[in-house]
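Inspection log for the structure reproduced underneath, given as structure tokens.
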Amino acid sequence: MTLETEFERVSLPLENPFTISRGTQTEAENVIVRISDEGGMTGVGGAAPSAHYGETADTVEAVLPALLDAVERVGDPHALHEIETELAGVVNDNPAARAAVSIAVHDLAAKRLGVPLHRLWGLDPGAAPATSYTIGLDETERVREKAAAAVEAGYPVLKIKLGTDRDRELIDAVREAAPDARLRVDANEAWTPREAVEKSEWLAERDVEFVEQPVPAEDPEGLRFVYERSALPIAADESCVTLSDIPAIADRCDIANLKLMKTGGLLEARRMIAAARAHGLEVMCGCMIESNASIAAAAQLAPLLDYADLDGSLLLAEDPYDGVSLSGGEIRLGDRDRAGTGARPLSE
């Protein structure tokens with residue numbers, strides 16, 4: 001079988017500037033991959049590289065020709081294990097670039113069989129948890145307004161970015177604006193271990209569900225310190241990048257947070273979910289700020305998750321791709337008549 005491959009870089013403006021403890025983002029650089037078979041059927045995938053993990057749109061573009069050459073050499077979009085093995089052999093790092101190719105191949109394989117990807121995996125779409133909606137760092141009154149708007153739009157779960165000297169003020173503003181919402185907190189490595197333990201106590205009083213990555217990933221003993229003393233469950237994100245990280249975090253957190261842009265592909269993501277379960281961890285899947293070209297694929301994993309944080313495309317001013325429905329936070333996979341991941345160009 002002959003496969004044709006191509007990719008393009010797209011700059012996606014955000015609806016509002018998005019700030020976390022590491023900085024502010026006003027646009028997302030994504031790279032879209034397309035893989036087509038001889039009949040003209042096309043699979044789509046997206047890369048949303050993060051400089052925090054050593055990737056940029058430039059590095060993605062640099063390695064994609066070699067990755068796509070590997071797909072063309074294999075030639076069979078249904079040879080998913082072989083293709084992902086080949087991709088890992090071509091480049092050891094660059095997980096977002098590999099993830100884009102993995103997503104496009106999975107999309108094409110499921111489309112050729114005429115089924116949604118979750119159906120190909122035998123998953124129950126009714127088991128998908130609601131996705132959270134993220135409120136970035138901002139002035140306190142603006143955070144209050146964003147929380148109220150998210151609740152009015154029907155989102156029942158809010159994730160609040162913290163990591164400032166106004167953390168208590170911010171969480172109080174959100175709780176006032178959204179008294180019935182389920183709240184989660186993400187510090188993005190901004191706290192010291194002792195600070196994280198102290199903050200967990202008043203966060204618990206405000207009915208927060210869990211705290212994500214309270215301390216730097218470079219401080220595994222600090223993460224253990226927090227886990228053993230925290231008043232709330234702890235989720236590991238920056239400390240949980242690849243499959244080999246799962247055993248290392250198993251006694252340092254309650255929840256493993258994977259992202260396709262960290263795992264390097266859908267098969268590796270499913271391996272990480274299985275490994276986390278084997279170590280007694282709950283599982284969340286998060287995202288970068290991404291187009292539906294990749295978010296739609298992550299959503300196909302939702303029935304395997306305890307928690308979902310797949311709102312990346314909702315933060316964009318415009319997305320060139322449609323995907324699975326996330327209206328009101330509900331991940332709707334069961335009502336899709338679309339084969340593959342569900343991602344489609346809006347131009348279609």
Side-chain angles (χ1 to χ4, degrees), residues 1-12 28-38 40-112 117 120 241-244 258-272 285 287-298 300-301 312 320-321 323 340-341 343 345:
M1 183 186 304
T2 301
L3 297 177
E4 295 185 359
T5 62
E6 62 179 350
F7 63 91
E8 66 170 329
R9 182 171 175 168
V10 294
S11 233
L12 305 174
E29 291 283 339
N30 283 200
V31 181
I32 308 300
V33 169
R34 288 181 284 269
I35 301 175
S36 303
D37 65 10
E38 294 169 330
M41 192 169 287
T42 300
V44 175
S50 169
H52 186 70
Y53 297 106
E55 270 189 291
T56 65
D58 288 339
T59 66
V60 170
E61 287 187 302
V63 300
L64 272 175
L67 292 172
L68 293 174
D69 282 349
V71 173
E72 293 177 12
R73 284 197 304 273
V74 175
D76 180 1
H78 298 285
L80 298 170
H81 286 268
E82 182 181 357
I83 286 173
E84 291 213 8
T85 300
E86 288 288 319
L87 297 180
V90 171
V91 288
N92 209 7
D93 296 317
N94 299 94
R98 288 187 285 120
V101 179
S102 168
I103 292 166
V105 172
H106 277 80
D107 187 34
L108 178 57
K111 282 178 178 173
R112 286 169 56 86
L117 185 55
L120 181 64
V241 180
T242 64
L243 180 61
S244 63
L258 61 98
K259 294 175 181 173
L260 295 185
M261 299 304 132
K262 296 188 299 184
T263 68
L266 285 160
L267 289 180
E268 189 71 355
R270 293 177 66 196
R271 292 186 188 107
M272 288 185 70
C285 184
C287 62
M288 307 301 181
I289 300 181
E290 310 172 19
S291 163
N292 271 299
S294 50
I295 290 288
Q300 301 295 318
L301 293 166
Y321 285 84
T341 66

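Keep in mind that this is a model prediction, so the values were computed, not measured. Along the sequence shown, residues are numbered consecutively beginning with 1. Excluded from the calculations below are hydrogen atoms, water molecules and symmetry mates; all remaining heavy atoms, backbone and side chain alike, are included.
A side chain to side chain donor-acceptor pair (under 3.5 Å) check over residues 85-94, counting only residues at least two apart or in different chains, returns nothing.
For the side chain to side chain contact (heavy atoms under 4.5 Å, CB included) with Met261, the lone residue among Ser294, Cys287, Pro49, Pro95 that qualifies is Ser294. Here the rule is side chain to side chain contact (heavy atoms under 4.5 Å, CB included) with Ile83, and of Leu267, Asp76, Val74 only Val74 fits it.
Between Ala296 and Gly323, the shortest heavy-atom distance links the atoms CB-CA, 4.2 Å. Scanning both residues, Asp107 and Thr341, for their nearest heavy atoms gives OD1-N, 2.9 Å. Between Leu266 and Ser102 the shortest heavy-atom distance is N-OG, 3.0 Å. Residue Pro77 comes nearest to Met1 through the heavy atom pair CD-SD, 3.4 Å, listed as atom of the first residue, atom of the second, then distance.
Judged purely by atom type and a 3.5 angstrom limit, Glu55 has no side-chain atom pairing as donor or acceptor with the backbone of Tyr53.
Residue Leu87 holds its CG atom at 5.5 Å from CG of Leu67, rounded to the nearest 0.5 Å. Rounding to the nearest 0.5 angstrom, the gap separating the CG atom in Asn30 from the CG atom in Leu12 is 5.0 Å. Between Asp37 atom CG and Thr42 atom OG1 the span is 7.5 Å, to the nearest 0.5 Å. Here the straight-line distance linking atom CZ of Arg98 with atom CD of Glu268 works out to 7.5 Å at 0.5 Å rounding. Note: Asp69 CG to Thr5 OG1 = 7.0 Å, rounded to the nearest 0.5 Å. Taken to the nearest 0.5 Å, the OG1 atom of Thr59 stands 9.0 Å off from the CG atom of Leu64.
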inquiry  = Val60 vs Phe7, test: side chain to side chain contact (heavy atoms under 4.5 Å, CB included). Steps then yes/no.
reply    = CA-CA 10 Å; Val60 170; Phe7 63 91; over 6 Å; no

message = Walk me through whether Val90 and Val63 qualify under side chain to side chain contact (heavy atoms under 4.5 Å, CB included).
response = CA-CA 9 Å; Val90 171; Val63 300; over 6 Å; no

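For Ala298, the side-chain contact (heavy atoms from CB on, under 4.5 Å) partners two or more places apart in sequence, or in a different chain, are Leu260, Cys285, Leu310.
At a cut-off of 3.5 Å, with distance as the only test, no side-chain donor of Thr56 or Glu29 sits close to an acceptor on the other residue.
Ion pairing between Glu8 and Arg34 holds under the 4.0 Å rule for side-chain N and carboxylate O.
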